[in-house]
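Each chain gets a letter, A, B and so on, in the order the sequences are listed, and its residues count up from 1.
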Amino acid sequence: MWIYEKKLEYPARVSSTNPRLAKDVITQYGGPDGELAASLRYLTQRYTMPIPQAKAVLTDIGTEELAHMEIVATLVYNLIRNATVEQIKAAGLDPYYADHDKALYFVNAAGAPWTATYIQSKGDPIADLHEDMAAEQKARATYEYLINLSDDPDVTDTLRFLREREIVHFQRFGETLNLVHDWMSSKKVFY
Amino acid sequence: MNNRQSALLRIMELEFAAIDLNLFLDTHPDDSCALTDFAAVSQELMKAKAEFEARYGPLMNFGFGLNQGNTWRWIESPWPWEVNFNDCKPYGEE
Ligand SMILES: [Fe+2]
């Protein structure tokens, strides 16, 4: 089961209302390389992992991604919370406003809703861990693009933290892949 | 920043260290240096959480808090998305 803790993993600071930035940052909430996709991918792949380290890594990184989803939601919520309808229109966020007001919804930067087709769960640990490593690099790249687009130094600080975590996760998945390869060669199964 | 926020930040720092060490231990389960660090951080974290929960109410629900006689405060604001670390007031009270 999961237990909720009433705190963020890292402070999500926002210096001022900025619906234009919210429109971009929301892609890490419900976009193809966002935190919802990351957490659901790892938490559903863990069941068929063959070794203890892999089950633990997918459970723990999948759980940390849920905390990152909460950080991204907090950024978006506070970037649009005080926005006027005029500001929302000027930022091009009016189609989102028409459907969701200022509520949080899982969409990418262009407004397309989240879909399970963003992720895969193959049952083959080599295939799944390669997908996970690629996912971490794609999330890292997205955070870099968002940092390029950010004109709020406080938001940039939080985006930097999230970018850094993708690098650590990539490292842990790489180690896990090596451990799975060792386990396979010890079983004399060759791929 | 008010006292609640600095106490919360301290917990966030310690828990982040614990999270990162935990992930490292997932792939290096018998690394004795990391195990020692984890034990130290986790002890500090438990102490900081006990002090915070006594003063400001539960951080965790479903019986995972320390039940310091203030469970009724679980529903109190600020929730995590309402904490403004930039100044002394929660976002909702600006
Ligand atoms: Fe990640």
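Considering all non-hydrogen atoms of both residues, E9(A) and F16(B) come closest at OE2-CD1, 3.6 Å. Closest approach of T27(B) and T176(A) over heavy atoms only: CG2-OG1, 3.4 Å. When all heavy atoms of N78(A) and W81(B) are compared, the pair lying nearest together is ND2-O, 3.2 Å. Residue P80(B) comes nearest to L8(A) through the heavy atom pair CB-CD2, 3.7 Å, listed as atom of the first residue, atom of the second, then distance. Closest non-hydrogen pair, D26(B) versus A56(A), comes out as OD2-O, 3.4 Å.
Only the side chain of L9(B) comes within contact range of chain A, with heavy atoms under 4.5 Å apart. Both the backbone and the side chain of I61(A) come within less than 4.5 Å of a heavy atom of chain B. In this structure, the portion of D154(A) lying under 4.5 Å from any heavy atom of chain B is its side chain and not its backbone. Contact of V57(A) with chain B is made through backbone and side chain together, with heavy-atom distances under 4.5 Å. Interface residue L23(B): backbone and side-chain heavy atoms are both found under 4.5 Å from chain A. Heavy-atom distances place both the backbone and the side chain of E5(A) under 4.5 Å from chain B. Interface remark: L179(A) contributes side-chain atoms only to the contact with chain B (heavy atom separation under 4.5 Å). Using a 4.5 Å cut-off between heavy atoms, F161(A) touches chain B through its side chain atoms alone. Neither the backbone nor the side chain of Q171(A) comes within contact range of chain B; no heavy atom of the residue lies under 4.5 Å from a heavy atom of that chain.
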Inset, instruction - Just do the side-chain contact (heavy atoms from CB on, under 4.5 Å) check on K6(A) and V83(B) with the steps written out, would you? - result: CA-CA 11 Å; K6(A) 208 172 159 185; V83(B) 178; over 6 Å; no

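Residues M69(A) and Y4(A) share a hydrophobic cluster, clusters being chains of Ile/Leu/Val/Met/Phe/Trp/Tyr side chains in contact below 4.5 Å. In this structure, L159(A) is not a member of the same hydrophobic cluster as Y145(A), with clusters built from ILVMFWY side-chain heavy atoms closer than 4.5 Å. Clustering ILVMFWY residues whenever any of their side-chain heavy atoms sit less than 4.5 angstrom apart, transitively, puts L104(A) in the very cluster that holds I80(A). No continuous path of ILVMFWY side-chain contacts below 4.5 Å connects F24(B) to L177(A), so the two sit in separate hydrophobic clusters. Cluster annotation: L66(B) is not connected to I11(B) through the hydrophobic network of ILVMFWY side chains, with a link wherever side-chain heavy atoms come within less than 4.5 Å.
Counting heavy-atom pairs closer than 4.5 Å to chain A, the top residue among I19(B), L25(B), N22(B) is I19(B). Taking chain B as the reference chain and counting heavy-atom pairs below 4.5 Å, the highest number among E64(A), R172(A), Q53(A) is found for R172(A).
Surrounding CZ of R73(B) are more than 12 heavy atoms belonging to other residues, nucleotides or ligands, all under 6.0 Å away. The 12-atom threshold is not exceeded at CD of Q43(B), counting heavy atoms of other residues, nucleotides or ligands nearer than 6.0 Å. Within a 6.0 Å radius of NE2 in H100(A), more than 12 heavy atoms belonging to other residues, nucleotides or ligands are found. Under a cut-off of 6.0 angstrom, the local environment of CD1 in I3(A) is crowded, with over 12 non-hydrogen atoms contributed by other residues, nucleotides or ligands. Under a cut-off of 6.0 angstrom, the local environment of CG in N148(A) is crowded, with over 12 non-hydrogen atoms contributed by other residues, nucleotides or ligands.
In this structure, OG1 on T74(A) lies 11.5 Å from CG on N84(B), to the nearest 0.5 angstrom. From Y10(A), atom OH reaches atom CD of E15(B) across 15.5 Å, with rounding to the nearest 0.5 Å. For the atom pair L59(B) CG and K7(A) NZ, the distance stands at 8.0 Å (nearest 0.5 Å).
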